[in-house]
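For reference, the structure is listed below as structure tokens.
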Amino acid sequence: MTARRRNCDVVIVGGGPVGGLLACLLARGGLDVALAERGAADSGDGDARGYALAAGTVRLLDDVGYWQPLAPEAEPILAVHVSREGGFGSVVMDAASQGVSALGQVVPAARIGAMLAEALAATGVERLDQTRLETLEAAGDGRREVVLAGPDGRHRLAARLVVAADGTGSATRAAAGIEVRRRRYAADALVFDVRSTRPHGGRAFERFTPEGPLALLPQPGGRLNVVWVAPPETCDERIALSDSERIAALQARFGWRLGRLRTAGPAARFPLELVRARRMYDQRLVLAGNAAHGLHPVAGQGLNLSLRDVAILAGRVLSARDPGAPEVLAAYAQARSGDIDRVAAVTDLLARGLPVGERFAPRALRRGMLLLDRIGPLRQLWAEQAMGLQPLPRRILRGLPAESREGGTAPTATERRGEGI
């Protein structure tokens, strides 16, 4: 069946937190936006992850009116405890010493998905769920054409800007011919929830072990979200264990500082790799989030980095007459390069260069922890980076109408959108 073409301002491929938030901001800024997603609208309900949102990310979401719906189910991170297995010494960073109410917040991934689904409906974004990219072509009239296949047939959308937000395996990026540098880590991550007999008190834990980092993130209701990194063969063994056996192995690695741990949900497994696109944009197409950079989860910086992409891109696009103009996309890529390079380098170093099993690592980790613990300015710099407080303030979203920041009523889809031809 021949698809009928529709013109719009922006097509976003990928309906996760990055694509969803960007679609909301651009629609509230007056652009006609279509959002395509491979899964169903409610596909995030089974997601076991908890997203650790840095203080800077929380501030961004609050600035644009999307933190309030998340706050009731968020757990503040009041302190971060970093340690290494097999050695003395640790670093503790707490919110009070940084003069903030919280270093960040942990929010269930499913809750973020539900909030964005409600926001997308309120802003009138056209959603095309359960669709896959068929072709990506130049439309010849200052637009890029996307053809999507879905359960109700094919959709042809010609947009002034196409945003690839469809993850590390981005089909949109591949269709544009943008190559990536890819490094598969010799590790996977198991993610599941636990409860502890002692209150977590808003503390997050990052523990470096011989097989990789182990993180426990505080969640509401006394739960903790576990991100346990280990070689694939070890993950094979642990995913096959019973819940009680898996918890016993976790307890042996983490220790008893929170008392006895008990399972609070099923385990999911995620392969880990570093993915970096060789360029951030093409003709009337731009990459955002994991389509541009996929990181190791150590230090929990992936989503925070991606949402800073959203903030910069939304600001650039909404301040421009033509959202897909080359100078707009080039300015976005330049503005993001330093932050992405810095975070990717640090997480890659921690993932590859500082496993406790390496000969130099215990000494390097011990010295690094001592320096952070004893030198105030160095600890302050580390804290600001961890909280995402490097320059990314309100001016980023200067293109967004002021009433939209306060959650004002967006124009309806019919008011913004022509019928297309």
So, for Phe254 and Phe205, is the gap between ring centers shorter than 6.0 Å?
-> yes
Decide, yes or no, whether a salt bridge links [X] with [Y] under the criterion of side-chain N to carboxylate O below 4.0 Å.
X: Arg253; Y: Glu211; answer: yes
X: Asp236; Y: Arg269; answer: yes
X: Arg6; Y: Asp32; answer: yes
X: Asp94; Y: Arg203; answer: no
X: Arg284; Y: Asp322; answer: yes
X: Asp339; Y: Arg336; answer: yes
X: Glu145; Y: Arg156; answer: yes
X: Arg111; Y: Glu73; answer: yes
X: Asp348; Y: Arg183; answer: yes

Would you check, one step at a time, whether the test side-chain contact (heavy atoms from CB on, under 4.5 Å) holds for Glu134 with Leu148?
-> CA-CA 5 Å; Glu134 278 196 346; Leu148 303 161; over 6 Å; no
To the nearest 0.5 Å, what is the distance between [atom1] ([X]) and [atom2] ([Y])?
X: Asn7; Y: Asp141; atom1: CG; atom2: CG; result: 6.5 Å
X: Leu313; Y: Leu26; atom1: CG; atom2: CG; result: 7.0 Å
X: Glu273; Y: Arg181; atom1: CD; atom2: CZ; result: 13.5 Å
X: Leu274; Y: Tyr185; atom1: CG; atom2: OH; result: 4.0 Å
X: Gln68; Y: Met115; atom1: CD; atom2: CE; result: 11.5 Å
X: Tyr51; Y: Gln219; atom1: OH; atom2: CD; result: 12.0 Å

Test item: [X] and [Y] side chains (from C-beta on) under 4.5 Å apart, heavy atoms:
X: Gln105; Y: Trp67; result: yes
X: Cys24; Y: Val125; result: no
X: Val317; Y: Leu31; result: yes
X: Leu21; Y: Leu61; result: yes
X: Arg246; Y: Trp228; result: yes
X: Arg195; Y: Leu224; result: no
X: Leu103; Y: Leu78; result: no
X: Val11; Y: Val33; result: no

Of all heavy-atom pairs between [X] and [Y], which one has the smallest distance, and what is that distance?
X: Leu217; Y: Ala52; answer: CD1-CB, 4.0 Å
X: Pro72; Y: Pro69; answer: CD-O, 3.6 Å
X: Gln283; Y: Arg144; answer: O-NH1, 2.5 Å
X: Pro266; Y: Phe192; answer: O-CB, 3.5 Å
X: Leu329; Y: Pro323; answer: CD2-O, 3.9 Å
X: Thr131; Y: Ala36; answer: OG1-CB, 3.7 Å

Throw together a table of side-chain donor-acceptor distances under 3.5 angstrom for residues 291-300, partners on residues two or more places apart or in other chains.
from	atom 1	to	atom 2	distance (Å)
His293	NE2	Asp309	OD2	2.6
His296	ND1	Val298	N	3.1

Criterion side-chain contact (heavy atoms from CB on, under 4.5 Å) on Leu128 and Leu35, from CA distance to verdict = CA-CA 6 Å; Leu128 301 168; Leu35 178 66; over 6 Å; no
Quick one: does [X]'s side chain have a donor or acceptor within less than 3.5 Å of a partner on [Y]'s backbone?
X: Thr123; Y: Ala119; answer: yes
X: Arg127; Y: Asp129; answer: no
X: Arg173; Y: Ala165; answer: no
X: Arg182; Y: Val275; answer: no
X: Tyr332; Y: Leu287; answer: yes
X: Arg184; Y: Ala187; answer: yes
X: Thr347; Y: Val343; answer: yes
X: Glu37; Y: Gly15; answer: yes

Atom [atom1] of [X]: over 12 foreign heavy atoms under 6.0 Å:
X: Glu137; atom1: CD; answer: yes
X: Glu179; atom1: CD; answer: no
X: Arg38; atom1: CZ; answer: no

Take Val180 and Arg276, measure what side-chain contact (heavy atoms from CB on, under 4.5 Å) needs, and give me the verdict at the end.
-> CA-CA 5 Å; Val180 297; Arg276 291 292 307 277; over 6 Å; no
Check: Arg207/Ser83 side-chain N/O donor and acceptor closer than 3.5 Å = yes
Would Asn304 and Thr57 count as having a side-chain donor-acceptor pair, cut-off 3.5 Å?
-> yes
Apply side chain to side chain donor-acceptor pair (under 3.5 Å) to the pair Thr172 and Asp166, showing each step before the final yes or no.
-> CA-CA 7 Å; Thr172 315; Asp166 47 347; 2.7 Å; yes
Only one of Leu22, Ile340, Asn290 passes side-chain contact (heavy atoms from CB on, under 4.5 Å) with Ser306; say which it is.
-> Asn290
Does the side-chain contact (heavy atoms from CB on, under 4.5 Å) test come out yes or no for Val107 and Leu53, once each step is laid out?
-> CA-CA 7 Å; Val107 182; Leu53 304 181; 3.9 Å; yes
